[in-house]
There are 2 protein chains.
Amino acid sequence: MRPNKRDELVRKALQVFYKSGFHATGMDKLVVETGVSKTSMYKHFRTKEELILAALRLRDENFRNWFLRRVQELADTPAEQLLASFDALGEWFNEDGFRGCMFIKAGAEFQEKEHPIHVQAAEHKRALLEYFTDLARKAGARNPEALGCQILLLKEGAIVTAVLLKSCDPARDAKAAARVLLDAALA
Amino acid sequence: MRPNKRDELVRKALQVFYKSGFHATGMDKLVVETGVSKTSMYKHFRTKEELILAALRLRDENFRNWFLRRVQELADTPAEQLLASFDALGEWFNEDGFRGCMFIKAGAEFQEKEHPIHVQAAEHKRALLEYFTDLARKAGARNPEALGCQILLLKEGAIVTAVLLKSCDPARDAKAAARVLLDAALA
DNA sequence: GCAAAACTTTACCGATCAGTACACATTAAC
DNA sequence: GTTAATGTGTACTGATCGGTAAAGTTTTGC
């Protein structure tokens, strides 16, 4: 039960869940995709739910690492970073394999508020809310909690719209909106 | 094969799909819930997909009817109606059975862009985008397409956030953001 | 080298999946 | 009243669901 083997399984499962959904992806399919036997899979993860939770943890780590780093590369000051967030999102939307936000989808497929998967999806969003609120505070916004939440609303809305309406450019419109909100919060 | 019987089946299926999801809801469960036999169910709907599409059509009709009417009740001028949209959303979020947006969930479970269910979910969002754009135009916004899209982003973001983060009040923050954006678009 | 632990495969479990064959019941036409 | 069309319930199909028992193979510690 080498730990790197487990990581490899989680990585592959993440890909398949992201592309095909949670309920629609059976353990048999994952077994075929990973090339491992079913028994081995269940040695590493006691249930499918445990595997999904592990995949979500990895996704949270990957996405936040990428996003925060990318935003830092794109801008220096907190105010500029708030706006640059939407440039980073725009890059993500244009990636080949873009299929929306894994945590929105997880929350949609596991809707009971107490469900561990739903809870973990909520934690991801809460972490991003804190990130935005922190930037808003450092930028000197009058009400950083409100501005942080509004930036989050724009981000989530942009993701959903990027998935469902290919015709418009949500990252651009969201960035323009964020600029207006930011200016108003600093004035 | 009375047509009203079919409507009743769609209505019930809509409830179950909304509460439990699409893949997670089997036809057997729907048969039990509706009290009709499986054969009858498949006389009305040739496949599960056809039933889902019918449920989504009903949901689109119900939601748009309710939303547009409620907004009209809450405000008179187009500008005020844009803002009142978020009061209507807030009422929806506080309803007992609130489980998020059925079309976001449908788009999340059926991700292939050409899939009929995905297409139908996208059409719902497009209709709402047109509604907001229309209001923005009537309100005299400088760039009604951009403002309409931004209002839509706030709405979708508010829905997602209402599902995943119970602690904050997305309808309030979204309305405040919409007011700032509206003022900026009219100035 | 030897034994225990770790890991694997094969074959299977009962439950449920979407969908159907077929016989039985009901209605309507005349 | 008979016939034909329509609707219904029972019982089933093969496939797949999440998960497991048991036996074989490889690795590890000493």
Side-chain angles (χ1 to χ4, degrees), chain A residues 1-57 105-106 108-112 114-118 120, chain B residues 1-57 105-106 108-112 114-118 120:
Chain A
M1 203 138 76
R2 296 153 298 182
N4 54 335
K5 183 70 176 174
R6 187 189 146 104
D7 291 350
E8 190 187 323
L9 293 178
V10 174
R11 206 161 13 210
K12 187 67 189 176
L14 171 54
Q15 290 176 19
V16 181
F17 282 137
Y18 183 63
K19 185 194 285 187
S20 305
F22 300 100
H23 284 106
T25 301
M27 290 299 271
D28 298 84
K29 182 173 180 180
L30 289 169
V31 159
V32 170
E33 293 276 332
T34 56
V36 86
S37 78
K38 210 165 182 182
T39 309
S40 301
M41 185 70 91
Y42 274 96
K43 277 274 157 48
H44 287 285
F45 312 96
R46 281 183 322 192
T47 62
K48 184 185 182 182
E49 180 178 314
E50 196 172 301
L51 175 55
I52 293 176
L53 288 171
L56 287 179
R57 268 189 293 271
K105 296 195 283 191
E109 287 205 48
F110 302 90
Q111 308 186 72
E112 302 83 27
E114 321 78 22
H115 195 296
I117 294 176
H118 189 98
Q120 189 154 325
Chain B
M1 204 137 77
R2 296 154 298 184
N4 55 334
K5 183 70 176 177
R6 187 190 146 105
D7 290 351
E8 191 188 322
L9 294 179
V10 174
R11 206 161 8 199
K12 188 67 191 176
L14 171 53
Q15 290 176 21
V16 181
F17 282 137
Y18 183 63
K19 184 195 285 186
S20 305
F22 300 101
H23 285 106
T25 301
M27 291 298 270
D28 297 83
K29 182 173 180 180
L30 290 169
V31 159
V32 170
E33 293 277 332
T34 56
V36 86
S37 79
K38 211 164 182 182
T39 309
S40 301
M41 185 69 91
Y42 275 96
K43 277 275 158 44
H44 288 285
F45 312 97
R46 282 184 321 194
T47 62
K48 184 183 183 182
E49 179 177 314
E50 196 173 302
L51 174 56
I52 293 177
L53 287 171
L56 287 179
R57 268 189 293 271
K105 296 194 282 191
E109 287 205 47
F110 302 90
Q111 309 187 73
E112 301 83 27
E114 321 78 22
H115 194 296
I117 294 176
H118 190 97
Q120 190 154 325

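A, B, ... follow the sequence lines: proteins, then strands. Residue 1 opens every chain. Keep in mind that the numbers below use all heavy atoms, side chains included, and drop hydrogens, waters and symmetry copies.
With hydrogens and angles ignored, the 3.5 Å screen pairs no side-chain donor or acceptor of B/H23 with any backbone N or O of A/A24. The backbone N or O of B/G21 lies less than 3.5 Å from no partner atom in the side chain of A/E109, so there is not a single donor-acceptor pair.
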Which pairs, protein N/O on one side and nucleotides 12-18 of chain C N/O on the other, fall under 3.5 Å?
| unit_1 | atom_1 | unit_2 | atom_2 | d |
| --- | --- | --- | --- | --- |
| C/dA18 | OP1 | B/K48 | NZ | 2.5 |
| C/dA18 | OP2 | B/M27 | N | 2.6 |
| C/dA18 | N7 | B/K38 | NZ | 3.4 |

Give me the distances for all protein-to-nucleotides 21-23 of chain D N/O pairs that come in under 3.5 Å?
| unit_1 | atom_1 | unit_2 | atom_2 | d |
| --- | --- | --- | --- | --- |
| D/dA21 | N6 | A/T39 | OG1 | 2.9 |

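A cation-pi geometry, defined here as NZ or CZ lying under 6.0 Å from the six-membered ring centre and within 45° of its normal, does not hold between A/K48 and A/Y42.
A/L51 places its CG atom 14 Å from the P atom of D/dC17, with the value rounded to the nearest Å. Computed from coordinates, the B/M41 CE to C/dT20 C1' distance equals 15 Å when rounded to whole Å. What separates CZ of B/R6 from P of D/dT6 is a distance of 17 Å, to the nearest Å.
With 3.5 Å as the limit, one finds no donor-acceptor pair spanning the side chains of A/K19 and B/Q111.
One distance of note links CD1 of A/I52 with CG of A/L14; it measures 11.5 Å at 0.5 Å rounding.
Close to D/dG9, at under 4.0 Å from its OP1 or OP2, lies a side-chain N or O of B/S37.
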Would you please test B/V10 and B/F45 for side chain to side chain contact (heavy atoms under 4.5 Å, CB included) and show each step?
CA-CA 10 Å; B/V10 174; B/F45 312 97; 3.5 Å; yes
Candidate pair A/L30 and A/L51, rule side chain to side chain contact (heavy atoms under 4.5 Å, CB included), full reasoning:
CA-CA 11 Å; A/L30 289 169; A/L51 175 55; 3.6 Å; yes
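Taking the ring centroids of B/F110 and B/H118, they lie at or beyond the 6.0 Å cut-off.
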